[in-house]
J.: 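Pasting in a structure now, in structure tokens, and then I'll have a few things to ask.
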Amino acid sequence: MAAVVTLNGESCPLDAANLSEFMAGRGYDSGRKGVAVARNGQVVPRTRWESTELMDGDRLEIVEPVQGG
Amino acid sequence: MNRVQETDRWDVAGLNLKSRLFLGTARYPSRKILMDALAASGTEMVTVAVRRVGLESGPKNLYKDLTAVGYHLLPNTAGCYSAKDAVLTAELAREALETDLIKLEVIADEDTLLPDVEALIVSARELVGKGFKVLPYTNDDPVIARKLEDIGCCAVMPLGAPIGSGLGIRNPHNLELIKSRASVPVIVDAGVGTASDVTIAFELGMDGVLLNTAVARAREPVMMARAIRAAAEAGRCALLGGRIPRKFYAEASSPVDGLIGSTPKTT
């Protein structure tokens, strides 16, 4: 069975070897500000995206700033 | 013109600011009205939330728009009901926005949106330990405010009234008590319904006011933002000017000597 991750609460095929590739595939290169990602409940700083390998079943949360009070 | 704002700067969270207003960015009719209202208010600090990407309805690039103008961003943990969620949200906000500032909110229930102060204290302690500059949204409770300061929060932000209620400053005496015992800035967060509420907050001696709905949901947000700015200045001037004592009976303001028909004083 193909590996999957949970991205923002939805199942998603794991199509990248590391977090940097995964994020780039969604339009977020590591130089872009205003976005953050948590893997299994821990924030991964953008400097560690490249060295963070993704595994089957990982839970990822990608967030950005939105209008708020 | 020698407006009070130019000589009345203040320090909060390591920043030296001219405006004493923090504005929320939610619930505006459009991005343009948001940006125009922020400009009209004179604010230098605006709050944002962090949410999963792709789920925001409406225009994107909020981060770009706000930072282009040079606003300081104050991310919040709005919508968090536990200390754990609030801490992770704060950490995500720090990574996304490259700021140590966090408006810490831990909400107790949906109906009141009042703070869960137990979880607030737990999460404030953890975030201060992780190097955050924590600005907690709290009850108008002088005891809790003191505890938050003792933990190391860089300001305390008691509510004037529940979030979005527009009920104004419901317990002015508690806010005065909080201020009288605090050595960090006291910022009234939530409850403002209209300009005079802002004036009252500053007359009471508050260091700042954070508001959102009062401007965003006003019939004319930009006009209301102008009113809020003027109200803040009025309140600060009144505080610095010093109000007269309240008296039970009247006291004539015109001279009482020299009235026609009176007997002139000798000597």
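As the structure is a computational prediction, the values presented were derived from the model and not from experiment. In the text below, chain A, chain B and the rest are named by the order of the sequence lines, each starting its count at 1. These numbers come from the heavy atoms of this one structure, side chains and all, not from hydrogens, waters or symmetry mates.
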J.: For the backbone of A/Gly69 and the side chain of B/Asn76, can you confirm whether one donor and one acceptor N or O come within less than 3.5 Å of each other?
T.: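 Here the side-chain-to-backbone pair exists.
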J.: Testing B/Leu34, B/Val46, B/Asn212 one by one against A/Gln67 for a side-chain contact (heavy atoms from CB on, under 4.5 Å), which residue passes?
T.: B/Leu34
J.: Does anything in residues 33-47 of chain A get under 4.5 Å of chain B by heavy atoms, and if so which residues?
T.: A/Lys33, A/Gly34, A/Val35, A/Ala36, A/Val37, A/Ala38, A/Gly41, A/Val43, A/Val44, A/Pro45, A/Arg46
J.: Going by heavy atoms in the side chains, are A/Val63 and B/Arg51 under 4.5 Å from each other?
T.: no
J.: Find out whether B/Val50 and A/Glu64 are in side-chain contact, i.e. whether some heavy atom of one side chain is under 4.5 Å from a heavy atom of the other.
T.: no
J.: Return yes when atom CD of A/Glu21 has more than 12 non-hydrogen atoms of other residues, nucleotides or ligands closer than 6.0 Å, and no otherwise.
T.: yes
J.: Identify the residues of residues 185-200 of chain B whose heavy atoms come closer than 4.5 Å to a heavy atom of chain A, ordered by number, or report 'none'.
T.: none
J.: Under 3.5 Å, which donor-acceptor pairs do the side chains of residues 214-224 of chain B form with other protein atoms, sequence neighbours left out?
T.:
from	atom 1	to	atom 2	distance (Å)
B/Arg217	NH1	B/Arg27	O	3.2

J.: Which of residues 95-108 of chain B get closer than 4.5 angstrom to chain A, counting heavy atoms alone?
T.: B/Glu95, B/Ala96, B/Leu97, B/Glu98, B/Lys103, B/Glu105
J.: Between A/Glu61 and B/Arg52, is there a salt bridge with N-O shorter than 4.0 Å?
T.: yes
